[in-house]
Amino acid sequence: MIEEFFSNWILPTVRVSAPLVFAALGGMWCERSGVIQIGLEGFMLVGAFFAAVTTHYFSNPYLGLVAAALSGLALSWIYGVSVLRFRANQIVAGTAINLFALGVPPFLSKVWFDSTGNTPPIPGEAQFRFTPLVLMGVSILLSVFVFSSTRFGLRLRFAGEHPEALKSAGVSVEWKRWQGIALSGILAGIGGATLSTYLSSSFTRNMSAGRGFIALAAVILGKWKPVPTVLACLLFGFTDQVQIRLQGVVLWGESPVPVQWIQILPYLITLLVLTFAVGRSRAPRRLGVVE
Amino acid sequence: MKSTWYASFRSFLRAVAGAALGLSLGLLICKLVGESPLKVLHVLYQSSFGSGYDFGMTLFYTAPLILTGLAVAIPLKGGLFNIGAEGQLTVGALAAAWAGVIGASIQSPVIAVVFATSSAFLAGGLWGLLPGFLKARQGSHEVITTIMLNFIAAGVTAYFTLYSIKDPVSAQAETIPLPEAFHLKPFAAFNGAPMGGLIFFLILLAVGIHYALWKSSWGYSLKALGENETAAETYGISRGRSWMSSMFLAGGVAGLVGLVEVLGNSHRFKIGFSADYGFVGIAVALVARGNILGVLPSAFLFGILQKGSASLDLETDKITRDLSYLIQGLIILGVSAEDLWGWIWQLVRRKK
């Protein structure tokens, strides 16, 4: 009974939550440092693409993971230059990053594979089995520890909360924000890699399908704290599970619930939870404020 | 007065320079994969202006972008980011098609078009009002709620298309075709491109909204709110009312995309008809730097990009229409980088 529950509900929920957890932790670090992060979706998409391409060429998913982290980092660097160096509006620049990232995979896959946005499948033996889940556990534990018990975590939080205090202590606020942005690029890129090399075996066009935004919603729902953020991701992963399970099921009447209603379930729940359950969720005090 | 003119002229110049920089970077990327930038430019030009038909098609791509650009620019005046134009236009377009099903017996084209227009406006408007209401009432961040509502709109409209007003004859996922009275006539000079007098209506709409923002107390309140929330509230301006009204107007305007697509082009609602008009609308509004009249040339620029990039698939070996996403992203980055020109200026001076 318990084993069945584990293999039917818990494991699948944790599996589909993995991309969200990585991206949301990245988003949390970035927003805690005082920078709004709308671009998670773009980092995930680019990460998923480069992970699939690298794994396809080298038959090694670990290299794919590294490629995903690096590509996420590269894209987050562009974002950092825009918002920190050139003081672009953060929501505007994040939207630009997402649009740009939407174009990268089809553009490169046309050049490399003469396809319009899909990559060749990864050989079965090069697909991840459990590693992403282990990595996810490590990331969660590290995030919790660094967040609450290290000087780095404390200073990064101060950059989003009381930058003046950080400045008077002689620490560069801008550098902390660079670090926050870089973490979001690396982690969301890895989240993308789990999409293409763990949950499926190739990159398909626009495969992140809004998960970056759901991850951001999880950050807000989790009140910018690591454990609640992870729990919010698991909640979304669970609704995704329910969504998959409900397809073709007859709940009432004679015909199954129309698939269109089921597919909007995760988004509807996000909307409802954000609206009614968050309560007084307080953003970092200087989130989005240009210093 | 001179100083404000000067400031807006400078802001205009900066937008143009930023867009040019973004476009150049995009062409540089083409160069890197071995495609000549001049050829890409030539394809873009020929495909947008090459013939009466091509120009008509460019305007056909421009029209929805004017509407979605306005839908982003209007709430922006009050400090709200409407990422939800995609959902609002989908709901509006379905409403326009549904009006044709309900009003199938209407003979007069005037009544038919007015009926479809108001349905599209109302449906899109209500879809936009919802995030405005949630923001005013619960403080839910509009960026997240509008994105969620985009996904929900896609599901809901797909459901109604397939289960309520599906065309029983067609094998595609599309609604019952509109009766003749609902069709908008295209200009003959465009040789079959589906665009007619509607484009002038859209220009008038933009001018009208511009005046409403500058000459009415509604517009004054909204702008005051966008510039300084606390000060505006001290003067007794209601945040909730301004936000909700601006989001209703924005959603309604986005819903009018139904006129362009359903009444003007396919004469029915097709699932997934929108070429990301709602998202490109964000780019359109930002390149216009939130200026309502600036949306018109900006939408035209992106219309050229959309029409032109469709030809890149055929005319070049290595570049697809997806190049337009890259270029759009780069253009927004170029336009939004506030300190870019000051930084370049400093570099130049230091060199000397």
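Computed from a prediction, not measured in an experiment: that's the story for all the values here. Below, chains carry the letters A, B, ... as their sequence lines are ordered, and counting in each starts from 1.
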Taking atom NZ of B:K39 as the centre, report whether more than 12 heavy atoms of other residues, nucleotides or ligands fall under 6.0 Å from it.
-> yes
Contact part of A:A209 toward chain B, heavy-atom cut-off under 4.5 Å: side chain, backbone, both or neither?
-> backbone
Where does the angle between the aromatic ring planes of A:W261 and B:F160 fall among parallel (under 30°), tilted (30 to 60°) and perpendicular (over 60°)?
-> perpendicular
Audit row: B:I319, A:F107, side-chain contact (heavy atoms from CB on, under 4.5 Å) steps and yes/no = CA-CA 7 Å; B:I319 294 175; A:F107 184 79; 4.3 Å; yes
For residues B:G155 and A:I264, report the shortest heavy-atom separation together with the two atoms involved.
-> CA-CG2, 3.6 Å
First locate atom CD1 of B:I332, then atom CG of A:N89, and finally report the distance between them rounded to the nearest 0.5 Å.
-> 11.5 Å
Per-residue tally against chain B (heavy atom, under 4.5 Å) across A:L268, A:V81, A:I97 peaks at A:L268
Value rounded to 0.5 Å, distance of CG in A:L271 from CD1 in B:I147 = 11.5 Å
Separation between CG of B:N150 and OH of A:Y267, rounded to the nearest 0.5 Å = 10.5 Å
When only pairs under 4.5 Å are counted, which of B:V143, B:T320, B:I152 shares the most heavy-atom pairs with chain A?
-> B:I152
With chain A, which of B:D322, B:I83, B:L286 has the greatest number of heavy-atom pairs at distances under 4.5 Å?
-> B:D322
Determine the minimum heavy-atom distance between A:I214 and B:M148, stating which atoms define it.
-> CG1-CE, 4.0 Å
Identify the heavy atoms of B:A283 and A:L99 that sit nearest to each other, and give their distance.
-> CB-CD1, 4.4 Å
Toward chain B, the part of A:I38 with a non-hydrogen atom under 4.5 Å | side chain
Minimum-distance pair of heavy atoms, taken over all atoms of B:Y159 and A:Q260 | N-CG, 3.7 Å
If you measure from CG on A:L102 to OH on B:Y325, what distance do you get to the nearest 0.5 Å?
-> 5.0 Å
Chain B contact via A:L108 - which portion, at a heavy-atom distance below 4.5 Å | neither
Non-hydrogen atoms of B:I144 and A:F213 that approach each other most closely | CD1-O, 4.2 Å
When the 4.5 angstrom heavy-atom criterion is applied to B:L162 and chain A, the contacting part is side chain
Contact origin within B:I331 toward chain A - heavy atom pairs under 4.5 Å | neither
Hey, what do you get for CG (B:L323) to NZ (A:K110), rounding to the nearest 0.5 Å?
-> 12.5 Å
How many angstroms lie between atom CG of A:N98 and atom CZ of B:F279, to the nearest 0.5 angstrom?
-> 9.5 Å
